[in-house]
Protein chains: 2
Amino acid sequence: MMTEPNSEQLSTDPAQILREAGLRATQQRTSVLTILAASTDHPTVDDVYDKARQLDDSVSIATIYRTMLLLETAGLIRKLTFDDAPARYEMTPNRDHDHLIDIDTGELIEIPGREISELRARIVNDLGYDVVSQHTILRGRRKH
Amino acid sequence: MMTEPNSEQLSTDPAQILREAGLRATQQRTSVLTILAASTDHPTVDDVYDKARQLDDSVSIATIYRTMLLLETAGLIRKLTFDDAPARYEMTPNRDHDHLIDIDTGELIEIPGREISELRARIVNDLGYDVVSQHTILRGRRKH
DNA sequence: CTCTATGCAAAGTTTTTGCATCCTG
DNA sequence: CAGGATGCAAAAACTTTGCATAGAG
């Protein structure tokens, strides 16, 4: 096995990522980031809380809320707000994508591709604005 | 002045709109619909509650919540959910549009045009879905 | 008149906050 | 060590709900 220290290029270690963002790498923050990085779905605060307790049953929900806000502010994670359901989170995606909700199954589908982003950026630009963030929620029904 | 009864074509009278939707035209529902129709901004539940009390100081917040849900379900109004701020409402727009939030001033700007809607519909269609509803939230900063 | 809608108040949810203690840097 | 981070519990904010009464159709 290689025992080389990891390169300075791209951090994949949660604690490292936190420090690079200028944040203290506490046990709780590291856990939250690890949990989110390992999630393919988009967990809610409660989902994260449950998983975090499996790693350390003394974490408090208050810390989870504080950490989610911190990571979101630092741009490390993204908050997805839907009409009724509680907010969900994902690691900040490298490539912008939108979300499609199957209204029959509740399934959340990621829509890849940058066409929409680019069109939006162009339109908003014409209005005299720079886009800081953008997010689309689509609700659809599978065709049969 | 004309004293002709209004035409049967398009109702602009809130009570009439409610009945056409198969709902009872109560004082409270009529007030809420009137308030929303008169709003150029996008009021929150609390905004609507405050204005409704100016018309009838005995309305309860519970009724406002129940009415918003009822009108939304009936498709008469649309709920806009933003990342942090409380939900806002608007009359269901005839033409689909998105919203741009100025992150410095908090101003909410409507983006007209159907280009985005059409592109999205096409992409989602390619995924095998029919679009039921769609909504984009953009956050931007005015260029100087 | 009948049955739904409302007001009121209590209960649920979700999120935030104060404070003493713990722990990272 | 010092100052920020955490756990705990209380509080705040936001919504929903049960029930008796009022009011639309």
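Chain letters run A, B, ... following the sequence lines, proteins first and then strands; every chain starts at 1. Everything numeric here is computed off the predicted structure, so don't read it as measured data.
- Nearest heavy-atom pair, B:L23 versus B:A74, reported as atom, atom and distance to 0.1 Å: CD1-CB, 4.1 Å.
- One interatomic measurement links the two molecules: CG of A:L70 to P of D:dG4, which rounds to 13 Å at whole-angstrom precision.
- Non-hydrogen atoms lying under 4.0 Å from DNA chain D are contributed by A:V59, A:S60, A:A62, A:T63, A:R66, all within residues 59-67 of chain A.
- In the region residues 43-55 of chain B, proximity to DNA chain D at under 4.0 angstrom, judged on heavy atoms, holds for none of the residues.
- Looking at every heavy atom in both residues, B:A15 comes nearest to B:A25 through O-CB, 3.7 Å.
- Of all non-hydrogen atoms in A:V45 and A:M68, the two that sit nearest each other are CG2-CG, 4.3 Å.
- Residues B:T92 and B:R78 share a closest heavy-atom pair of OG1-N, 4.0 Å.
- Residue pairs satisfying the ring pair (Phe, Tyr, Trp, His ring centres under 6.0 Å) criterion with at least one member in residues 47-72 of chain B, sequence neighbours excluded, are absent.
- Between B:L70 and B:L76 the shortest side-chain heavy-atom distance does not fall below 4.5 Å.
- With rounding to whole Å, A:Q28 atom CD is found 17 Å from D:dG4 atom P.
- Evaluation of the ring pair (Phe, Tyr, Trp, His ring centres under 6.0 Å) test over residues 12-32 of chain B, restricted to residues two or more places apart or in two chains, returns none.
- The shortest non-hydrogen separation linking B:I35 to B:A52 is CD1-N, 3.4 Å.
- Summarising the geometry, the separation between CG on B:L69 and C1' on D:dC14 is reported as 15 Å, rounded to the nearest angstrom.
- Here the NZ-CD1 distance, from A:K51 to A:I64, works out to 12.0 Å after rounding to the nearest 0.5 Å.
- Scored by the side-chain contact (heavy atoms from CB on, under 4.5 Å) test, B:T26 finds B:R24, B:Q28, B:R29 as partners (sequence neighbours excluded).
- Scored by the side-chain contact (heavy atoms from CB on, under 4.5 Å) test, A:A87 finds A:K79 as partners (sequence neighbours excluded).
- Stem regions for DNA chain C, each three or more consecutive Watson-Crick or G-U pairs with both distances under 3.5 Å and listed by first number, read C:1-25 with D:1-25.
- Residues passing the side-chain contact (heavy atoms from CB on, under 4.5 Å) test with A:P14 are A:T30, A:L33, A:T34, sequence neighbours excluded.
- A search for side-chain hydrogen bond (donor to acceptor under 3.5 Å, both in side chains) contacts involving B:Y89 returns nothing, not counting sequence neighbours.
- The separation between A:L33 atom CG and D:dA5 atom C1' is 16 Å, rounded to whole Å.
- On the nucleic acid side, DNA chain C contacts chain A at distances under 4.0 Å to non-hydrogen atoms, with the end points of that region at C:dT14 to C:dG25.
- Smallest separation of non-hydrogen atoms from A:L36 and A:P43: CD2-CG, 3.6 Å.
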Base versus backbone protein contacts along nucleotides 20-25 of chain D [heavy-atom cut-off under 4.0 Å; B, S, -]: ---BBS
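- Listed by first and then second residue, the side-chain hydrogen bond (donor to acceptor under 3.5 Å, both in side chains) pairs involving residues 35-48 of chain A are A:H42-A:E90, A:H42-A:H99, A:H42-A:E110, A:T44-A:D47 (not counting sequence neighbours).
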